[in-house]
Amino acid sequence: MNQKLPGPNSKKVISKMKKYAYDSTFMYPLVIANGHDCIIEDLDGNRFLDFTSNIGACPIGYSHPDVLEVLAEYSTNGTHKIAGQDFYSKEHADLAETVSAILPRNFKAFFINSGAEAVENAIKIAYRNMGPLPGISCLGAFHGRTLGALSFTFSKPVHKYNFPEFPVKRIKFCTRDDDPEIDAVESLLKENKIAFILTEVVQGEGGYNVASKKFIKNLRRFATQYGVPLILDEVQSGIGHTGKWWAFEHYGVTPDIMSAAKALQVGATFYNKRLEPSERSALSSTWGGGSRIDMAIGARTIQVIKRDRLLENATRMGNILKKGLRELVGKKGVSDARGLGLMIGLEFDTRARREKKIVELFENGLLTLGAGQKSLRIIPPIIITKEQVEKGLEIMIQVLSKN
Ligand SMILES: Cc1ncc(COP(=O)(O)O)c(C=O)c1O
């Protein structure tokens, strides 16, 4: 395809952004105009196969008929944005009920705006119960950019430079059962009073690193033994991309508290009822649970995933994709292909090569994102078809087999 990018309309938007807004983590010159299914269209009519699902935020792709139906219902409702923790709304109750069917038993929900806030509230629930003690988190972790969540984030120094930190103890995120540090958490728990253990199960921003089974089971076991809440951050891995609703289900454990966002359309802290703060206003936020459209789409997304058996699709398509990508390992600087379901990381030998390949894939009509120092993050919408997986693989093979 090799498109001339960005086109003139996109260029105008990008220069306006650079003039008036903070130039944040924008990856390449793509200005999204519309999307259908797994295809994103830019402002100049260029079409791209999307292997990002906007970091998992669009699990059922774009212009999904069910989502369009929800949007149509709200097109004449002028109270879509309310102070959702001052006034009740049906959407709030409906999302809480819908999501409770896929949560561990005895869990309740608190909705907020973002993933970082979901983590903030998870750690606040732990602090309420345990006191203002250090928390444990993992090297390579990403839990968000608000200062509390950021204290437990260790994926890139740029996120933290000159920002103060909450008390934290770090452990290695073990991806192998035979890692010599697999039990390191126990000595920390033995020697210190700790408020919580916080981790992802598949590190997202850190590079799509999949935790070893023993590592997660150990965290669960020692957290229980020492009476410390285990918080699992499912902001990126939750609601279907791994082939299960939550990545922790692959490990046969349940957390005490968890955070979710992206695929759910709103931020959410889920917690075991026994940890619920006893005071009513210990947790709140103006907009949290206040976008009725987002909550309605979140609930509908869960229903669509169930109805259309999309968890099974994520597993099947993920296997095809991983098999194809594994054939690239050992060639042209690709050193590893790993993942759960449709949450797949491809590791390169250098960061420079990773950056170059992301742009070349983009120019050839395939959207991917970076993660960690030198991995490529692949997380397509879970509605993806075999033909689309094969098309994406074809582009990847073509682009990655060149120097
Ligand atoms: C695992 C994890 N936790 C927390 C966050 C923060 O979410 P947000 O960007 O919505 O604040 C992210 C965002 O990528 C994430 O991947």
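First listed ligand is number 1; within each ligand, the first listed atom is number 1.
Residue Ala116 has at least one N or O atom closer than 3.5 Å to an N or O atom of ligand 1. Some N or O of Asp233 is nearer than 3.5 Å to an N or O of ligand 1, by distance alone. Among the atoms of Gly115, some N or O lies under 3.5 angstrom from an N or O of ligand 1. Ligand 1 has no nitrogen or oxygen under 3.5 angstrom from a nitrogen or oxygen of Glu200.
When Val266, Val235, Ile55 are checked for heavy-atom proximity to atom 12 (C) of ligand 1, Val235 turns out nearest.
Protein heavy atom in closest approach to atom 16 (O) of ligand 1: Gln236 NE2, 2.7 Å.
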Please tabulate, for the side chains in residues 12-23, all donor-acceptor contacts under 3.5 angstrom to protein atoms that are two or more places apart in sequence or on a different chain.
| residue | atom | partner | partner atom | Å |
| --- | --- | --- | --- | --- |
| Ser15 | OG | Lys11 | O | 3.4 |
| Ser15 | OG | Lys12 | O | 3.1 |
| Lys18 | NZ | Asp23 | OD2 | 3.0 |

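Note on ring orientation: taking the six-membered ring where Trp is involved, the planes of Phe48 and Phe362 are parallel (angle under 30°, cut-offs 30° and 60°). Relative ring orientation between Phe222 and Tyr226 is described as tilted, the plane-to-plane angle lying within the 30° to 60° band.
Considering only residues two or more places apart in sequence or on other chains, Ser137 meets the side chain to side chain donor-acceptor pair (under 3.5 Å) condition with none of them.
Judged by distance alone, the side chains of Gln388 and Asp37 do bring a donor and an acceptor atom under 3.5 Å apart. A donor-acceptor contact under 3.5 angstrom links the side chains of Asp44 and Ser10, judged on distance only.
Residue-level proximity to ligand 1 for His143 is carried by the backbone, the only part with a heavy atom below 4.0 angstrom. Only the side chain of Lys262 comes within 4.0 Å of ligand 1, counting heavy atoms alone; its backbone N, CA, C and O stay farther away.
Contact of the Gln203 side chain with the Phe142 side chain is not registered, since no non-hydrogen atoms from C-beta on lie closer than 4.5 Å.
Heavy-atom separations between Gly204 and ligand 1 are all 4.0 Å or longer.
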